[in-house]
Amino acid sequence: MSRTRTSRWGAVFTVALVLCLLVLSGCRPAATSSDLDRVKQDGVLTVGNDTTYAPFEFADSTNKPTGFDIDLIAAVAEKLGLKTDIVTTAWDGIIPALQTQKFEVVISSMTITPDREKEVSFSIPYYRADMGIVFDKTLHTIATPSDLAGLRVGAQVGTTGEQSAHMIDGVTDVRSYPDIQLAMADLKLARIDAVVNDFPVCAYYAKDSPTLTVIRILKVKDLDLTQYYGIAMRLEDKQLKIAVDKALQDLVKDGTYDTIYAKWFGGTPGFRPGDQKP
C-alpha cells in the first residue's frame with residue numbers, strides 16, 4: 001500500500017517536472033537564434049523602398065521595381081544566400097515601417113545623417129552624392145544657391161534636399177512634395193522655378209529634356225552637402241549589419257559593384273563601399 005502511494009506521488013512529481021521544463025524552455029529568449037538567422041529562415045530578404053527616385057529606384061514599364069538600388073540589394077542578398085522581396089513604401093513612413101518589422105532592411109537612396117542614426121543602423125556607405133539644383137534654363141539663370149532667392153523651390157518632404165532648400169538665404173517659398181516625380185512634373189509645368197535634390201536624380205530627370213539643366217552645389221552657408229547613402233536596418237540587428245557590410249565589400253572585390261554602377265551611371269565610380277570618406 002505504501003509502495004503504491006510512493007509510486008503515485010513519484011509519477012505526479014515527474015509529470016510536474018516535465019511540465020516545468022517545457023514551460024521554461026518555451027520562455028527561453030529568442031536571442032538564442034540571431035537576427036541574421038531569423039532573416040535567413042525564409043530565404044528572402046524583405047526590402048523597404050520608395051520606388052519613385054530614378055535612377056536609383058523606379059517602376060519599369062511592367063510596374064516592376066528597378067534601378068541601381070534594386071540591383072545592388074539583389075546582389076547583396078545573393079551574397080547572403082537570399083532572394084529579395086521589394087516592399088514599396090512611401091518615403092515619409094519608411095523608417096517607422098522598418099522599426100515595426102514590415103521588412104528587414106531599407107535601401108532607398110537614404111542619406112546617412114546623425115538624426116537617422118538615432119533611429120536605425122546603417123551599413124557602410126554604398127554611394128556618395130552631392131546636392132543639385134535643376135531648373136529651366138530658358139526661364140532662369142542659376143549658377144549658385146543664392147540665385148534661388150525669391151523663387152519657388154520644390155523638394156521632396158523629409159529629405160536632405162528639403163533641408164538644404166530651407167537653408168538658402170532669400171528662399172521663402174519651399175514647396176514640399178511626397179515624392180520627387182511630382183516635384184519634377186510641376187517644374188516642367190512651370191508651377192515652380194527649381195528643384196533642390198540629390199544631384200544624380202536631378203541629372204536623370206534633366207537628361208531627356210531640352211530645357212532643363214542641373215548644377216551641382218557642394219555647400220550652403222559653409223555646410224558641406226556631400227551625402228553618403230546607406231542600407232538601413234533596425235538598431236538591434238547587429239549580425240545582419242555585419243553580414244550586409246561584408247556583402248557590400250565582397251561586391252567591390254569581385255567587380256559586381258562596378259558592373260552595376262556602369263549599368264546605371266556609366267563609367268567607373270569615384271566612391272565604392274569601404275572607401276574612406278574624404
Side-chain angles (χ1 to χ4, degrees), residues 47-58 66-76 79 91 94-95 105-117 119-134 144-145 155-156 158-165 167-168 180 195-207 214-233 241 244-278:
V47 181
N49 182 271
D50 175 21
T51 319
T52 61
Y53 212 66
F56 293 94
E57 42 264 328
F58 61 102
T66 190
F68 176 81
D69 281 356
I70 305 301
D71 285 354
L72 183 64
I73 199 63
V76 167
K79 290 291 184 184
W91 176 256
I94 206 163
I95 287 180
V105 302
V106 169
I107 188 168
S108 199
S109 308
M110 186 176 286
T111 302
I112 301 169
T113 68
D115 284 344
R116 288 176 182 154
E117 287 180 309
E119 299 183 281
V120 298
S121 174
F122 282 104
S123 68
I124 57 175
Y126 70 84
Y127 191 90
R128 183 181 67 206
D130 300 321
M131 197 61 65
I133 300 172
V134 58
T144 67
Q156 183 175 355
T159 64
T160 49
E162 183 186 47
Q163 294 170 2
S164 299
M167 291 170 54
I168 300 170
I180 202 63
V195 172
V196 176
N197 196 61
D198 296 358
F199 179 83
V201 180
C202 290
Y204 180 85
Y205 281 99
K207 69 183 177 66
V214 59
I215 63 169
R216 191 187 302 266
I217 55 174
L218 303 178
K219 288 186 178 181
V220 170
K221 293 183 177 178
D222 294 326
L223 178 67
D224 185 1
L225 297 183
T226 301
Q227 305 175 91
Y228 295 89
Y229 297 163
I231 299 169
M233 292 153 276
K241 172 182 162 44
V244 168
D245 284 350
K246 183 178 185 303
L248 285 169
Q249 291 170 322
D250 287 346
L251 292 174
V252 172
K253 291 177 184 176
D254 67 17
T256 303
Y257 181 88
D258 281 22
T259 299
I260 296 171
Y261 182 94
K263 173 183 174 180
W264 292 103
F265 303 106
T268 57
F271 177 88
R272 298 177 176 87
D275 285 355
Q276 291 294 318
K277 297 179 183 179

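Throughout, numbering of the chain's residues begins at 1 and tracks the sequence. None of the values given here were measured: they were computed from a predicted structure.
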Participant: List the steps, then state whether salt bridge (Lys or Arg N to Asp or Glu O under 4.0 Å) holds for Asp130 with Arg216.
Facilitator: CA-CA 7 Å; Asp130 300 321; Arg216 191 187 302 266; 2.9 Å; yes

Participant: Is the side chain of Asp275 donor-acceptor paired with the backbone N or O of Arg272 at a distance under 3.5 Å, no angle test?
Facilitator: yes

Participant: Which heavy atom in Thr159 sits nearest to a heavy atom in Trp91, and how many Å separate them?
Facilitator: CG2-NE1, 3.8 Å

Participant: Ignoring hydrogens, what is the shortest heavy-atom contact between Val214 and Ala203? Give both atom names and the distance.
Facilitator: CG1-CA, 4.0 Å

Participant: Heavy atoms only: give me the nearest Tyr229-Ala129 pair and the separation to one decimal.
Facilitator: OH-CB, 3.7 Å

Participant: Closest approach of Ile168 and Pro145, non-hydrogen atoms and distance?
Facilitator: CG2-O, 3.2 Å

Participant: What distance do Gln276 atom CD and Phe271 atom CZ have between them, rounded to the nearest 0.5 Å?
Facilitator: 8.5 Å

Participant: Under a 3.5 Å threshold, yes or no: a donor from one side chain and an acceptor from the other, between Tyr127 and Asp69?
Facilitator: no

Participant: Taking the side chain from Lys221 and the backbone from Met167, do they hold a donor-acceptor pair closer than 3.5 Å?
Facilitator: yes

Participant: To the nearest 0.5 Å, tell me how far Met131 CE sits from Gln163 CD.
Facilitator: 8.0 Å

Participant: How long is the span from the CD1 atom in Ile231 to the CD1 atom in Ile112, to the nearest 0.5 Å?
Facilitator: 9.5 Å

Participant: Could you check whether any side-chain heavy atom of Leu72 comes within less than 4.5 Å of a side-chain heavy atom of Leu251, counting everything from C-beta outward?
Facilitator: yes

Participant: Taking the side chain as everything from C-beta on, heavy atoms only, tell me whether Thr256 gets closer than 4.5 Å to Ile260.
Facilitator: yes

Participant: With sequence neighbours left out, write down each residue that passes side-chain contact (heavy atoms from CB on, under 4.5 Å) with Ala165, or none if nothing qualifies.
Facilitator: Val153, Val174, Val196

Participant: Taking the side chain as everything from C-beta on, heavy atoms only, tell me whether Ser109 gets closer than 4.5 Å to Val201.
Facilitator: no

Participant: So do Trp264 and Pro200 actually touch side chain to side chain, heavy atoms under 4.5 Å?
Facilitator: no

Participant: Around atom NZ of Lys79, are there more than 12 heavy atoms from other residues, nucleotides or ligands closer than 6.0 Å?
Facilitator: yes

Participant: Tell me which donor-acceptor pairs under 3.5 Å the side chains of residues 47-56 have, and how far apart each pair is, sequence neighbours excluded?
Facilitator:
residue : atom : partner : partner atom : Å
Asn49   : OD1  : Thr51   : N            : 3.4
Asn49   : OD1  : Thr51   : OG1          : 3.0
Asn49   : ND2  : Glu57   : OE1          : 3.0
Asn49   : ND2  : Ile107  : O            : 2.6
Asp50   : OD1  : Thr52   : OG1          : 3.0
Asp50   : OD2  : Thr52   : OG1          : 3.2
Asp50   : OD2  : Gln156  : NE2          : 3.3
Thr51   : OG1  : Thr88   : OG1          : 3.4
Tyr53   : OH   : Asn197  : OD1          : 3.1
Tyr53   : OH   : Asn197  : ND2          : 3.2
Tyr53   : OH   : Asp198  : OD2          : 3.1

Participant: Should Met110 and Phe122 count as side-chain neighbours, where that means a heavy-atom distance under 4.5 Å?
Facilitator: yes

Participant: Rounded to the nearest 0.5 Å, how far apart are CG of Asp224 and NZ of Lys219?
Facilitator: 6.5 Å

Participant: Classify the ring geometry of Tyr257 against Phe68: parallel below 30°, tilted from 30° to 60°, perpendicular beyond 60°.
Facilitator: perpendicular

Participant: Side chains of Ile95 and Val106: closer than 4.5 Å at any heavy-atom pair?
Facilitator: no

Participant: To check you understand the geometry: which heavy-atom pair defines the closest contact between Ala206 and Val134, and what is its length?
Facilitator: CB-CG2, 4.1 Å

Participant: Any idea which heavy atoms bring Arg128 and Gly270 closest together, and the distance?
Facilitator: NH2-O, 3.9 Å

Participant: Report the relative orientation of the aromatic rings in Phe58 and Tyr204; use parallel for angles under 30°, tilted for 30 to 60°, perpendicular for over 60°.
Facilitator: tilted

